[in-house]
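Worksheet for the structure shown next.
Position 1 is the first residue of the sequence, and the numbers go up from there. Bear in mind the structure is a predicted one, so any value in this text is a computation, not a measurement.
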Amino acid sequence: MKIFLKRSMKHPLGVLYSALLGFIAFSAAVPMLNSGAWDAALVDLVMAAVLITLMLKTFVSTFRRESSLLNKITAWSMLAVANILALLPSHDFPGSLSTALAFSLVICALVLYFSGTLMAKVSIVPALWCCVFMPYHEEFMLMLSYPLRLSATTLSSLVLKICGVEVAIAGTSLNLPDLNIAITDACSGINQLDAFILIAFIAVEVLHKKTVWKLLHFAFMIPAIIAGNSLRIVITVLLYKILGDCVLENLWHTLLGYTQIFFAIILFLLIGRIFRENPPARNEVEQ
């Protein structure tokens, strides 16, 4: 504890920024907890804690430096933009995002003014997560649900046709000669998206050092979820052809849901090997 406090004195404002974002994250999680969405709230809070910890790690390892005049001018400009966003008429989502974006801009401007460019950069993602994503968690999930369902329906239909199964697409439903499968919000992989974001973020932080590789790998999160959901749909149809209606019961549906998550995670980790940095050669290290 003493070591942490000693290090935090290099940049004491980091603790203030972290406490502020932590309070915002908890306030955003309270409505989710009250509505019974405990799993989403807890995962979002864990993700917020991870982001804030990484931000604080940069702060405690860097001495505080006075912001330049350009930084201060930029910070005031960000405050002006935040003021404009806050004054915009806000209605339903996504129009109401203007206020949330304004709040995150205020925090980033505060960090830029008092702590400089580097600290402002590492505070952007935590600020957006705590101030924008968490308060509008359900809206973002619903916005992503349809594209995920539509993509999984199209991909699974293509695979089934390759396997010789007669199938037609109607929106986000698969029509077979003796069966209609509707890909609903619950079946889109949206319920696992929060947890998958957390797992994917931790994975890219562990596997990569360069920001470019982290971003490229993280971008494959959505394709991995779509591929996992498509596999679940294909397996469901093929098992239905073999075993009949029992495959559509709750037990099978739950087991296949776990298969979807497992396959998506494995695929995401395997993709990470493509972006893994090659270690330096031994003779280079010795030199």
Side-chain angles (χ1 to χ4, degrees), residues 4-31 44-91 93-137 139-140 143 197-198 201 204-205 208-216 218-219:
F4 176 79
L5 290 175
K6 185 177 180 180
R7 288 182 176 180
S8 67
M9 292 306 293
K10 290 184 176 182
H11 204 309
L13 289 178
V15 177
L16 175 63
Y17 302 144
S18 302
L20 176 61
L21 287 175
F23 175 76
I24 295 171
F26 180 78
S27 301
V30 169
D44 283 2
L45 283 174
V46 171
M47 183 64 177
V50 171
L51 291 172
I52 292 171
T53 300
L54 291 174
M55 181 189 74
L56 188 58
K57 180 182 176 181
T58 303
F59 276 93
V60 300
S61 61
T62 307
F63 284 101
R64 183 185 176 190
R65 296 179 180 177
E66 291 296 329
S67 297
S68 65
L69 178 61
L70 179 60
N71 286 341
K72 293 182 178 180
I73 293 175
T74 305
W76 281 110
S77 301
M78 292 169 64
L79 287 176
V81 173
N83 188 47
I84 294 173
L85 289 174
L87 292 175
L88 290 176
S90 59
H91 303 289
F93 181 86
S96 54
L97 277 179
S98 59
T99 304
L101 289 172
F103 198 19
S104 61
L105 266 179
V106 169
I107 293 177
C108 291
L110 178 70
V111 178
L112 179 62
Y113 188 90
F114 289 104
S115 304
T117 306
L118 175 62
M119 305 307 170
K121 287 181 179 178
V122 299
S123 68
I124 292 174
V125 175
L128 289 175
W129 181 270
C130 298
C131 302
V132 179
F133 180 79
M134 287 189 65
Y136 293 97
H137 174 273
E139 287 82 356
F140 277 113
M143 183 177 66
I197 291 174
L198 176 61
F201 184 81
V204 298
E205 286 292 328
H208 311 293
K209 293 181 180 180
K210 295 182 179 179
T211 303
V212 175
W213 298 134
K214 290 180 182 181
L215 293 175
L216 287 173
F218 194 74

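- The two atoms that bring Val106 and Ala82 nearest to each other are CG2-CB, 3.8 Å, heavy atoms only.
- At a threshold of 4.5 Å between non-hydrogen side-chain atoms, the residues Thr211 and Leu215 count as touching.
- At a threshold of 4.5 Å between non-hydrogen side-chain atoms, the residues Leu112 and Thr117 count as touching.
- Side-chain atoms of Ile24 and Phe103, non-hydrogen and from C-beta on, do get closer than 4.5 Å to each other.
- Within the model, atoms CG of Leu21 and CE of Met55 stand 5.0 Å from one another, a figure rounded to the nearest 0.5 Å.
- In this structure, CG in Asn83 is found 4.5 Å from CG in Leu87, a value given to the nearest 0.5 Å.
- Partners of Ala28 under the side chain to side chain contact (heavy atoms under 4.5 Å, CB included) rule, at least two apart in sequence or in another chain, are Met134, Pro135.
- Among residues two or more places apart in sequence or in another chain, the side chain to side chain contact (heavy atoms under 4.5 Å, CB included) test is passed with Ser68 by Leu70, Asn71.
- Counting all heavy atoms, side chain and backbone alike, Ser104 lies closest to Ala127 at CB-O, 4.0 Å.
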Report task. Before giving the answer on side chain to side chain contact (heavy atoms under 4.5 Å, CB included), spell out for Leu85 and Thr99 the whole-Å C-alpha distance, their side-chain angles and the decisive distance to 0.1 Å. Result -> CA-CA 6 Å; Leu85 289 174; Thr99 304; over 6 Å; no

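- Ser115 has its side chain within reach of Tyr17: a pair of non-hydrogen atoms, C-beta onward, lies under 4.5 Å apart.
- One distance of note links CD1 of Ile52 with SG of Cys130; it measures 4.5 Å at 0.5 Å rounding.
- Checked against side chain to side chain contact (heavy atoms under 4.5 Å, CB included), Phe201 has the following partners two or more places apart in sequence or in another chain: Met47, Val50, Leu51, Leu54, Glu205, Phe218.
- Between the OG atom in Ser123 and the CG atom in Leu56 there is a gap of 12.5 Å [rounded to 0.5 Å].
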Query - Verdict with reasoning, Leu105 to Leu79, per side chain to side chain contact (heavy atoms under 4.5 Å, CB included) - result: CA-CA 7 Å; Leu105 266 179; Leu79 287 176; over 6 Å; no

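- Counting non-hydrogen atoms of other residues, nucleotides and ligands closer than 6.0 Å to NZ of Lys121 gives a total of 12 or fewer.
- Residues satisfying the side chain to side chain contact (heavy atoms under 4.5 Å, CB included) criterion with Ile124, sequence neighbours excluded, are Cys108, Leu128.
- Between Leu69 and Ile73 the shortest side-chain heavy-atom distance falls below 4.5 Å.
- Listed by chain and residue number, Trp129, His137, Phe140 satisfy the ring-ring contact (aromatic ring centres under 6.0 Å, His included) test with Phe133 (two or more places apart in sequence, or in another chain).
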